[in-house]
Amino acid sequence: MRSVLNPLAFVAILGPMSILSLFAADKNQPEPVKGYPEGIRAVTYPCPADQSEQPALFWAPERIDPQNPVPLLVTLHTWSGDYRQAGGEVKYAEWCQQQDWVFLHPNFRGPNRKPDAMGSDLMIADIRAAVEWAKSQAAIDETRIYAIGVSGGGHATQLLAGRTPEIWAGISSWCGISDIAAWHAQTLNAGRGKYAQNIESALGGPPDSAERKADAARRSPLTWLENAKDVPLDINHGITDGRSGSVPFTHSLHAWNAVVPASERLDEKTIEEFYQSQEPPTGIGEGKNESDELYGNRPPLFRLEHGNTRLTLFQGGHEIVHEAALNWLAAQRKGRPVNWAPPKVGSLSVTDDDKQSGK
């Protein structure tokens, strides 16, 4: 007859903490990440740029046929967040689990208040390295690698479009900061000094010297977006942002101008009048503002398209419309014409708090 060790005796031998550690040591059961669905796990990956290990959240379907690789969604935290941020970013994870996409949420040097963060070269290197690491962990369809982000994540997506255009099948950018120096001044004028202080911490002072102006420009999407004309890039912004939110929607108008040819750009007077009135300019973009069911109760008010680039101002503030962003990305394939009329392939249960994740 087999003898059975009395559980109380087992505890007496190992001690209560040791027995808990023993049962917690199952590496096949990833430690839960607070606020995220089951299965999302914290990982580290190597960044060759500075020989560091960088953190991220990651999930991949359990079984992937190498003959049928799956999409990768790179999701980017907001200005003050990091890789464990669990606001509207959780909806990205839910989408990936629903659609059998690989989910990757890198830290890219954390909140934007350090020199290594806020659009630095290391930040770009981190995201490049994260994509390469994910490709080593799962069979990724390289024609379906996407990036998404809002606010500081919108800033990051626009930088990626300009600095790493070869990677992406589609980039969905929401309420992004396109000009660091301009935003520094705007936040001071609006009484949002926290963000100006963040910028000064990253630059080593305000962008008022030649050196710091150049550094701010290097960290700004406007410097790079001319390289993004071949990337399917969907730029979105709420029309009340800058008043009810922290980033004036003029940042997205200027981002549009930086990508498209001169003949398609908005002039500075039009941009300023648009921002002051919140009324779309007449005679521009007409015929593009038809209803778009993917935006739900945040309908488009103004829309421009040229080539692979689209600009949408919607009825809302500093926020993202998840279903519009994710269903649009799902329709994009690298090497194919951009699809501006995507079908709805998935839905999410999203609250207003989830949408307003850009802080």
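Just so you know, these numbers come straight off a predicted model, no measurement behind them.
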Which atom of K135 lies closest to which atom of I145, heavy atoms considered: CD-CD1, 4.5 Å

Apply ring pair (Phe, Tyr, Trp, His ring centres under 6.0 Å) to residues W328 and Y146 and explain how you reach the verdict. CA-CA 11 Å; W328 177 78; Y146 309 120; 8.1 Å; no

Decide yes or no for H306 and S263: does some side-chain heavy atom of the first lie under 4.5 Å from some side-chain heavy atom of the second? no

Aromatic ring centroids of F274 and F302 under 6.0 Å? yes

Is there a donor-acceptor pair under 3.5 Å between the side chain of S178 and the backbone N or O of P221? no

Assess whether a salt bridge exists between E166 and K334, defined as any Lys/Arg side-chain N lying under 4.0 Å from an Asp/Glu carboxylate O. no

Quiz item: cation-pi between R243 and Y275, 6.0 Å / 45°: yes

Looking only at non-hydrogen atoms, find the nearest pair between N68 and I64 and report the distance. O-CG2, 4.0 Å

Side-chain H-bond candidate by donor/acceptor type, Q276 with E272, under 3.5 Å: yes

Reference residue Q54; test side chain to side chain contact (heavy atoms under 4.5 Å, CB included); the match among D126, T44, L122, V43: D126

We want to know whether E89 and T75 form a side-chain donor-acceptor pair, criterion being a heavy-atom distance below 3.5 angstrom. no

Just checking, any donor-acceptor pair under 3.5 angstrom between side chains of D241 and H318? yes

Going from CD on E323 to CG on L348, what distance comes out if it is rounded to the nearest 0.5 angstrom? 5.5 Å

How would you list, by chain and number, every residue that makes a side chain to side chain donor-acceptor pair (under 3.5 Å) with R218, sequence neighbours excluded? D121

Closest non-hydrogen atom pair between K194 and S80, with its separation: NZ-OG, 4.0 Å

